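Source: prediction; values computed, not measured.
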Amino acid sequence: MLFQKRLVIISLIILWADIWSINILLGQGFSDASSEAGITLVHNTTGINDHKMGTGAAWLDYNKDGYLDLYVTMRVGANKLFKNNGPDPITGIYNFDEVAGAFGVDDANGDGGGVSIADINNDGWDDIFLANCSGNRLFRNNGPDVNGVFSFTDIISSAFVDGTAGGNSRSPSASWGDYDNDGFLDLYVAQHYTVLGASGGTTQDFLYHNNGNETFSDISNLLVVDSLMGGGFIGGWSDYDKDGDLDIFLINDCPIAIGKPTMVWRNDGGSDPLNWNFTEVSDSIGMDDCRNGMGIGVGDYNRDGWMDIFYTNIGDCVMYSNDADGTFSDVSNQSGIDIQPAQHYSWGAAFMDYDNDGWQDIMVSIGALSLNPSPGFPYNQQPNMFFRNNGDSTFTEMATPLGLNDDRQTRSGIYGDYDNDGDLDLYVTNYEDNCVLNKNNLSNGKHWIKIHLSGTQGNQDGLGSKLKLTTSDGTIQYYETRSGSNLGGGDSPYAHFGLDTNTVITELEIKWLSGEVQVINNLSVDQLLQVVEPLAPLPIELISFSARQENDIVTLEWKTASEYNNDYFIIQRSNDGNYFTDFEKIQGRGTTTFNTDYQSFDLKPLQGDNYYRLKQLDYNGNFDYSEIRLVNFKGKNTTINVFPNPITTGNLNLKFSNTHRNTIIEIRDILGRIVFQRNVENEGNQIIEIPTNNWKNGIYLVRVFNITTDQKVKVVLNN
């Protein structure tokens, strides 16, 4: 009998012993990192009695520092914006600070639903749209001021003069896509239902055209308004037929929407963006389902180059495989994803390659509608599901061994590599409960690459672009960039590819939404790659454009041989060659065939690399860019003297020489917590006095850094 038991145990071990299972047995799953990261959050719903939705979350990089920040919505009270501070200089642990109130994006009096991120005005900074109940919000990111301080402005009233506030309606989500390829992102807002017992709302979804001047026009009538009336959870964007423009997939809660099924609007183009051509084709392409649709995932699970659709439901989820001929096939059964009990409620969904093996897996967020049983809505413990892609068009459910089987009221699980270690982490939102930052502990040695796109001819985010990546073993993978899929939030803004054991990327092809095709060869792995869309030629004849340092300024000069409808130039500057800001406007000559000389001065260049370009606009508001010029501005290194040390006087003094405007002072205690942070406003030599009366005695780390200096000094406080 003992021998038989041993045989059973050995058999079980053999069945379990493939690579990914061994990793799990060794603890290579996910772990709760909420506490160590400083993101301990309970979703607040105090006094809310309507349908149990409205837990939005999205990854973004609002300050362009290379670390993913996190925005989370609340039904009651202030929303949260968690700023990623990067790795602690002592412990190496990534930690966050909550800054929503300081930036004015907490929307403390709103009833939070979904959140979506997009650069609506192509200024290089992530803006925030809140799909709320009783009033949406659009927070424009103003970027940093002269002291490096960020701020946001709510422009919902001026941007949507026809009132996208939505009245007393619940907006579960919003999503962005440029349907007319004009370079500005358009907006789909889903509205599920009118608030119980309230008036003045509508169940109609809305489609808005971005006019390019921070205003939007309601063009919902182009989609047949009756089709938009009720039960909408999310409108996802994807060029499913690969004809170069983005189509719209509307996931409806069909029984609630009185029989309105999943809908697909094929983009058939046009010449007037306010009179565009969309055709509803869900029936003809095989996707006119009437289910309790909620969230959507878009990805290429079988690596054939065509985007597939996964959407959630009460009961079984649905997988549609793109047949590459304009139609889809329901492969839910053969793929192995239709294994949910009838009363399970699934909400968000996301394609993600968690183990970097080159195959996209699926995270499914599952949670009961309510913790209180009622007729028709029984409460069951409903754990989340995670489907690992087996590489043969089938999936294996493995949430439990991965540590992702959270059985609370989960609404969405958004992926993003918050600690920049190359594997995708998950932030899980739980309705009226603790939300969780799940750190991916993978260490299987497989390689990866993250790609961040910056558009020039098209939208700044490069949304809607198609990426084709080929590795040295001949494997080809595909990715399509988007904002606002999943449900009520947003996954990482970067295109993430797992590369398995490959150490060379032989080719990366990017088809930008503008139509530009860019090919990059022989890339190294395990990096975040910034790719800028090639510039279109200027509608002027530019003879020359130069930038050079002269003493403490930069002089820019350019000459045109001819100009056509040239309204004006905007001089733009960047310190990384990707994110440009305006600093001067120069009037053009209109239409001329005479040589014209121009000159401009940057009186306050940044220390180090300064990239410059010309943005030329014609009388119709069309624009293009010049080539980029680089000036490495050389100033003197900053030096500091910290005294007294030990601190016994109640004040810590920092004496600077050659201070730059972008110098940051950061002081942390022995546990790595920030106790003081400040941007130095003045240049030159100065002394800054920092009160320490409210600090506890002990050891502190003073860090002063800018583009030329990164100095750390330990000080002892003994007041």
| So is R589 actually on top of F594's ring, under 6.0 Å and inside 45° of the axis? | no
* Asked: Does R137 make a cation-pi contact with F139, if we ask for NZ or CZ under 6.0 Å from the ring centre and within 45° of the axis?
  -> no
Under a 3.5 Å distance rule, please check whether [X] uses its side chain to pair with a backbone N or O of [Y] as donor and acceptor.
| X | Y | result |
| --- | --- | --- |
| N122 | N459 | no |
| Q518 | W512 | no |
| S492 | Y494 | yes |

Do [X] and [Y] meet the criterion of a side-chain donor-acceptor pair at a distance under 3.5 Å?
| X | Y | result |
| --- | --- | --- |
| D461 | T481 | no |
| D602 | Y612 | yes |
| D567 | Q587 | yes |

Once side chain to side chain donor-acceptor pair (under 3.5 Å) is applied, do any residues pair with [X], and if so which ones, sequence neighbours excluded?
| X | value |
| --- | --- |
| T215 | N211, N213 |
| S472 | N502 |
| E533 | S514 |
| K64 | none |

With [X] via salt bridge (charged side-chain N to carboxylate O under 4.0 Å, His left out) - residues at least two apart:
| X | answer |
| --- | --- |
| D618 | none |
| D582 | none |
| D268 | R266 |
| K468 | none |

Between G422 and W448, the two heavy atoms sitting closest are CA-CE2, 3.2 Å
D247 versus N267, closest heavy-atom pair with distance: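 It is OD1-N, 2.7 Å.
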Looking at [atom1] of [X] and [atom2] of [Y], how far apart are the two atoms once the value is rounded to the nearest 0.5 Å?
| X | Y | atom1 | atom2 | value |
| --- | --- | --- | --- | --- |
| I451 | L467 | CD1 | CG | 5.0 Å |
| D272 | L274 | CG | CG | 5.0 Å |
| I570 | L617 | CD1 | CG | 5.5 Å |

What residues form a ring pair (Phe, Tyr, Trp, His ring centres under 6.0 Å) with [X], not counting sequence neighbours?
| X | result |
| --- | --- |
| F623 | Y625 |
| Y94 | Y67 |
| Y179 | H209, W276, F278 |
| Y598 | W558, F569 |

| Is it the case that more than 12 heavy atoms not belonging to F103 sit under 6.0 Å from its CZ atom? |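 Yes, the 6.0 Å shell around CZ holds more than 12 heavy atoms from other groups.
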Q) What do the steps show when you test K559 against D597 for salt bridge (Lys or Arg N to Asp or Glu O under 4.0 Å), and what is the final call? A) CA-CA 5 Å; K559 176 181 289 189; D597 293 303; 3.6 Å; yes
Discussion item. Between E627 and R629, does any NZ, NE, NH1 or NH2 come within less than 4.0 Å of an OD or OE carboxylate oxygen?
Written reply: yes
* Y62/Y71 aromatic ring centres below 6.0 Å -> no
Query raised in the report: In terms of ring plane angle, is the pair W59 and Y418 parallel, tilted or perpendicular, where the classes change at 30° and 60°?
Result: parallel
Exercise. Could you walk me through whether T503 and H447 pass side-chain contact (heavy atoms from CB on, under 4.5 Å), step by step?
Key: CA-CA 7 Å; T503 57; H447 298 289; 3.7 Å; yes
Result for ring pair (Phe, Tyr, Trp, His ring centres under 6.0 Å) between F216 and one of F184, Y208, F160 points to F160
